[in-house]
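Proteins come first, then strands; the chains are lettered A, B, ... in the order of their sequence lines, and each starts at number 1.
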Amino acid sequence: MTSIRANFFSGVYTDTNNPVELPPRQTTPEHPMKHIVAKLVNDALAGLPELAEAAADLAVETTVERTRDARHGDFASNVALQLAKPTRKNPRDIATRIVDALGTDEQITKIEIAGPGFINFHMSAAAFHAELGSILDAGNAYGRQAKKESPKILLEFISANPTGPLHVGHGRLAAFGAAVGNLLEATGYQVHREYYVNDAGRQMDILGASVWLRWLEANGISVPFPKAGYRGEYIRDIAGEIDTGGLVLPNADDVLQGLPDQESEDDWDAYVDALIAKASDLQGEDGFDQIRQQSLESIRAEIEDDLADFGVTFDQWYSEQSLAKSGRIDDALTVLEERGLLYKKDGATWFPATDFGDEKDRVVIRANGAKTYFASDIAYHFDKRERGFDYLIDILGADHHGYVARVRAGLEAMGYPGDDLEVELVQFVSLYRGGKKVAMSTRSGQFDTLRKLRAEVGNDAARFYYVMRSNDQHLEFDLDIATSQSNDNPVFYIQYAHARIASVFRKADELDLYWDQDNGRTNLDKLVAPQEKALLSAMSRYPEIVELAAKNRAPQTLVHYLRDLVSDFHSSYNAHKVLGDDANLRDARLALYAAVRIVVANGLAILGVSAPEEM
RNA sequence: GCGCCCGUAGCUCAACCGGAUAGAGCACCGGAUUUCUAAUCCGGAUGUUGCAGGUUCGAGUCCUGCCGGGCGCGCCA
C-alpha cells in the first residue's frame, strides 16, 4: 500500500487527465433484437462509402429505438435523418439507399421507410418467442448484463448527519440511491455503496452537550436547554442508555455559573458554545468525549438499523473522524500546499476554488485553526479515488447543490478530473395526510421519521413512492394513497400481477394441469391474441429499460415500464382463460405468464420492492 | 442581487444524446364476474408543454429574455 504522499511524489496525480466515461447506451448482446437491427444498419452503412464518413461519429445503436406506435413496426432508426445534415442530402433518399443496402435477417419480416425518413423494422413472431425463451432460461438473471471490470463506481448516498433519526427526506435519498445502485449493478458495474458519517466538528459537540444536559436533568440538575441544541425525545433516550461510568455528576451551581442568556436568536450559538465548554470543563475532555462518542454511535447504529429494515445497506460507513485521525486531511492540504494552491488571508487559509470554476474561493483552515468541512470533503473525495474507485457518484439533497462546484474544484486541484464526479440532486419530499401538508422540523423534534413512515405505509409502498418520480421533481407523498389498498395504488397494482400469476400456477397444480414447459415453448405460436402479442413485445423491452434507467439514473423509468407491462398482463389475463382444455395453448400461456412473473419480480427487486406470492 | 433546479391535461406525473399524432394514473361517466385472485378488465376527453423570441428538415427537450415556484449564496456543518 503506497501512502498518499508517496503517490504524490511519484507523480500519480498528474497522470489522470482523461475522464473516465461510463460507456453510454451501447447495445449489448443482452438486447438481441435491438442488436440485430443495429448490426444490419451498421453493416449497410459500412458498404456505403458516401455515407460511412458522415456516420463515423454517429453511434448507430443510438438511432435504433423502440417504436411508440405499433404501425411503425417494432424498431425504428432515425439514422437517415441524422445523416441528412452532414451529407446535405434528402433524408428519404438516404433512407432508401440504406434500405437497399440492408442485409436480411430471419427475425425481421418487414422493413419500410416512413415519415420524413424513418426506417421501420417489423420483427417476426419467432423473434419474440426466442426472447421469451431466454427470459425463462435466464430467470432472475434476465435483464442483467455481464460484469464490467471498469469503471469501479463509488456510490455515496444519504450521509445524513448522525444527530438524530432519519426523516422522510432521507428516505427518498435512501430509496433512490439504493435503486440507482441496483440499476448500475444490473447493467454490470461494480458498485461500492458508502455512507459518509459526519461525526466530526461542532455539531457533534452540540449533540454531546444536548445529551449531557439530559443526563444532568435525569439526575436532578435542570439547566435551560439550548435553543440551538437537539431537543428530540431520542436525546433523553440516549442519555438514559449510554454508559456514564466514571463520570462525576457536577454541582448544579458550577453548571449554571456564567452561562449567557439566550434571549434573541443571536445568542443561541454563544449559549450552546458555553455549554460545550462547560461540559468539557466539568467532565474533562475524556469525559465529554465519552458522552459524545456514545451518543453519535448510538444514533449512527440506529440509522443503520433503520436502513437495514428498509432494505438499504452499505458496503462501508466512512467516518469523517477517521479522515482527521489518519492524517488524510493534513495530507490533502499538504498536496495543495505543495502545488501552490493555498493562500493566507485574514488569518485563514484559502483554496482558490475560482481557478477551478467555483464562484468564490473557499476557506479550508479558519483563523482559529479549525479545518472546515470543505477541507474534509476534499480529503474524502480524494480518498475515494485513491482507494481505486474511478467514477464517483454522490447523491445529495437538492439543498446541497452549492457544494458541487467546490468539491469538483477540490478533486481537480488534487489531480483528478472533475468530470469523474457525478452529483445527483434529489428534491424535497412533502408529506400529505388528509389533503394537508405535514410540517417537519428536526430541531423542534416535530418531524416525521422514516421509521414512522415505514410503519404507516410499509416498506414496499415507501420504496416505490420514493422512486416513482424523477429525482429532480419535488415529491408529494400522499400517505392516504400509499396506504390505500385500492386501485389508486400503483405499487399494489404491480404486485398484484405477480401474485395473480403465482396463483394461476398454484391453481394449475390443484387441477392437475401441470405446466409442461417444453410443450409450452414449442407452442408459442398459439399466442396470437393482440393482448398476448403486446405482452411479448413489452417483456422483450425489459433489458433495454434497465439499461436506459441505469444510464439516466432514473428508477422512475422502470416504475413506469412495470406499470405498463403489468397493465398488458391484466388485460391479457382478463381476456383469455389460461387453464383451458387445450393443453398446447395452456402450456404456451403459462410460459408467457411465467416469463411475465420473472420480469416483474426482477424489476421490483431492483426497486427494492417485494414480489408477493399472494395478496 | 447572483447562481442552480423546476414549470406538461382538473390533480399527481411520464416522455430514451432533438424525431412520427405529447402519453399514463387519479378524479368523473357508463359497462364486464355461474370463469384461473374484481387490489382486475372494457369504453368514454382533456393540452397555446408558463410567456415571447431564436436555432433546426423537425423543439416539451437546445439558446436568449421575461413571469412564477423551490433551493443555495458563512472563517456553519
Novice: Taking the six-membered ring for Trp, does A/Phe118 stack with B/A20 (centroid gap under 5.5 Å, planes within less than 30°)?
Specialist: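 Yes, A/Phe118 stacks on the base of B/A20, since the ring centres sit under 5.5 Å apart and the planes are within 30°.
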Novice: Does A/Gln556 reach a base, just sugar-phosphate, or nothing at all? Heavy atoms under 4.0 Å.
Specialist: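 Result for A/Gln556 = sugar-phosphate.
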Novice: Can you tell me the base-pairing partner of B/U64? Count Watson-Crick or G-U wobble geometry only, both distances below 3.5 Å, and say none if there is no partner.
Specialist: B/A52
Novice: Give a yes/no answer on whether the side chain of A/Tyr493 brings an N or O atom under 4.0 Å of OP1 or OP2 in B/C41.
Specialist: yes
Novice: Need one value for A/Val578: base, sugar-phosphate or nothing, where a base atom within 4.0 Å counts as base even if backbone is also close, heavy atoms only.
Specialist: base
Novice: When we call it a touch if two heavy atoms are under 4.0 Å apart, what does A/Ala549 touch: a base, just sugar-phosphate, or nothing?
Specialist: nothing
Novice: Within the 3.5 Å criterion, strictly below it, is a donor on A/Gln321 or A/Gln293 matched to an acceptor on the partner's side chain?
Specialist: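 Yes, a side-chain donor-acceptor pair sits under 3.5 Å.
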Novice: Using the side-chain heavy atoms of A/Asp346, tell me which of these nucleotides is nearest: B/G3, B/C76, B/C75.
Specialist: B/C75
Novice: Go through B/U40, B/C16, B/U37 for me and flag the one nearest to the A/His570 side chain.
Specialist: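 For the A/His570 side chain, the nearest candidate turns out to be B/U40.
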Novice: B/A20 base to A/Asn120 side chain: any donor-acceptor pair below 3.5 Å?
Specialist: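 When only heavy-atom distances are counted, A/Asn120 does reach the base of B/A20 through a donor-acceptor pair under 3.5 Å.
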Novice: So, OP1 or OP2 of B/A15: does either fall under 4.0 Å of a side-chain N or O from A/Arg68?
Specialist: no
Novice: Nearest to the side chain of A/Thr557, which nucleotide is it out of B/A77, B/A15, B/C36?
Specialist: B/A15
Novice: If you look at every strand shown and take non-hydrogen atoms under 4.0 Å, does A/Arg506 touch a base, only sugar-phosphate, or nothing?
Specialist: base
Novice: Mind checking A/Ala114 for me? I need base, sugar-phosphate or nothing, with any heavy atom below 4.0 Å counting as a touch.
Specialist: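 It contacts base atoms.
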Novice: Which part of the nucleic acid, if any, lies within contact of A/His498, taking any heavy atom under 4.0 Å across all strands shown: a base, the sugar-phosphate backbone alone, or nothing?
Specialist: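 Result for A/His498 = nothing.
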Novice: Identify whether any heavy atom of A/Lys577 sits under 4.0 Å from a base atom; if not, whether one sits that close to sugar-phosphate; answer base, sugar-phosphate or nothing.
Specialist: base
Novice: Just to be sure I understand the rule, does A/Arg71 reach a base, reach only the sugar-phosphate, or reach nothing, if contact means heavy atoms closer than 4.0 Å?
Specialist: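 The residue A/Arg71 makes base contact.
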Novice: Choose from B/C42, B/C76, B/C71 the nucleotide whose nearest atom is closest to any side-chain atom of A/Ser571.
Specialist: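 Looking only at side-chain atoms, A/Ser571 lies closest to B/C42.
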Novice: With no angle test and no hydrogens, is the base of B/G3 tied to the side chain of A/His401 by a donor-acceptor pair under 3.5 Å?
Specialist: yes
Novice: Under a plain distance cut-off of 3.5 Å, with no hydrogens placed, do A/Asp512 and A/Tyr514 share a side-chain donor-acceptor pair?
Specialist: yes
Novice: In terms of ring plane angle, is the pair A/Trp515 and A/Phe505 parallel, tilted or perpendicular, where the classes change at 30° and 60°?
Specialist: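 Plane angle over 60°, so perpendicular.
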Novice: Of the listed nucleotides (B/G3, B/C36, B/U12), which one gets closest to any side-chain atom of A/Arg469?
Specialist: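 Within the option list, the nearest is B/U12.
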Novice: Given that both distances must come in under 3.5 Å, which nucleotide forms a Watson-Crick or G-U wobble pair with B/C76?
Specialist: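 Answer to the pairing question: none, since B/C76 forms no Watson-Crick or G-U pair.
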Novice: For B/C17, does OP1 or OP2 lie under 4.0 Å from any side-chain N or O of A/Gln82?
Specialist: no
Novice: Using purine N1 to pyrimidine N3 plus N6-O4 or O6-N4 for Watson-Crick, or N1-O2 and O6-N3 for G-U wobble, each under 3.5 Å, what pairs with B/C71?
Specialist: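 B/G3 - that is the nucleotide pairing with B/C71, both distances being under 3.5 Å.
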Novice: Assuming nearest nucleotide by heavy-atom distance, tell me which of A/Asp564 and A/Thr63 is located more 5' along RNA chain B.
Specialist: A/Thr63
Novice: Would you classify A/Ala405 as touching base, sugar-phosphate or nothing, given that sugar-phosphate means primed atoms plus P, OP1 and OP2, and contacts are heavy atoms under 4.0 Å?
Specialist: nothing
Novice: By nearest atom, which of the nucleotides B/C5, B/A77, B/A38 is closest to the A/Asp472 side chain?
Specialist: B/C5
Novice: Mind checking who B/U35 pairs with, Watson-Crick or G-U wobble, both distances under 3.5 Å?
Specialist: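 Checking every strand shown, B/U35 finds no partner, since no pair has both distances under 3.5 Å.
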Novice: Taking for each residue the nucleotide of RNA chain B with the nearest heavy atom, is it A/Arg66 or A/Thr372 whose nucleotide lies nearer the 5' end?
Specialist: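 Between the two, 5'-proximity favours A/Arg66.
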Novice: Picking from B/A77, B/C75, B/A20, which would you name as closest to the side chain of A/Arg202?
Specialist: B/A77
Novice: Under 3.5 Å for both donor-acceptor distances, Watson-Crick or wobble: does B/G43 have a partner, and if so which one?
Specialist: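 B/G43 is paired, partner B/C29.
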Novice: Using modelled atom types and a 3.5 Å cut-off, is there a donor and acceptor pairing between side-chain atoms of A/Arg506 and backbone atoms of A/Glu613?
Specialist: yes
Novice: With heavy atoms under 4.0 Å as the rule, sort A/Ser470 into base, sugar-phosphate or nothing.
Specialist: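 Sugar-phosphate, backbone atoms only, no base.
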Novice: Given 3.5 Å as the limit, does a donor-acceptor pair link the side chain of A/Tyr466 with the main chain of A/Val168, or not?
Specialist: yes
Novice: Return the nearest nucleotide to the side chain of A/Gln473; candidates are B/G72, B/U40, B/C13.
Specialist: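 Closest nucleotide to the A/Gln473 side chain: B/C13.
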Novice: From the set B/C17, B/A77, B/C75, return the single nucleotide nearest to any side-chain atom of A/Glu65.
Specialist: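 Selected nucleotide (nearest to the side chain): B/C17.
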Novice: Just to confirm, is there a sub-4.0 Å distance from OP1 or OP2 of B/A38 to any side-chain nitrogen or oxygen of A/Arg500?
Specialist: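 Affirmative; the distance criterion is met.
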Novice: A/His72 stacking on B/A20: centroids under 5.5 Å, ring planes under 30°?
Specialist: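 Per 5.5 Å and 30° rule: yes, stacked.
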Novice: Do A/Thr63 and A/Gln82 have a side chain donor and acceptor closer than 3.5 Å?
Specialist: no
Novice: Look only at the side chain of A/Gln473 and the backbone of A/Ser470, and say whether a donor-acceptor pair between them is shorter than 3.5 Å.
Specialist: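 Not at all, since once roles are kept as given, no pair shorter than 3.5 Å links the two residues.
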Novice: Can you tell me which nucleotide in B/C73, B/C36, B/C75 comes closest to the side chain of A/Lys360?
Specialist: B/C73
Novice: Looking at every strand, decide which applies to A/Glu614 at a 4.0 Å heavy-atom threshold: base, sugar-phosphate, or nothing.
Specialist: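 Counting heavy atoms under 4.0 Å across all strands, the contact made by A/Glu614 includes a base.
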Novice: Could you tell me which nucleotide pairs with B/C13 by Watson-Crick or G-U wobble geometry, both distances under 3.5 Å, or answer none if nothing does?
Specialist: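 Paired with B/C13, as far as the under-3.5 Å criterion goes, is B/G23.
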Novice: Strictly below 4.0 Å: does A/Arg366 bring a side-chain N or O up to OP1 or OP2 of B/C76?
Specialist: yes
Novice: Can A/Asp273 and A/Arg202 be counted as an ion pair, charged N to O under 4.0 angstrom?
Specialist: yes
Novice: What integer number of Å spans the P atoms of B/C41 and B/A22?
Specialist: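 One P to the other, the span is 25 Å.
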Novice: For the P atoms, the ones on B/C17 and on B/A59, what distance do you get once it is rounded to whole angstrom?
Specialist: 16 Å
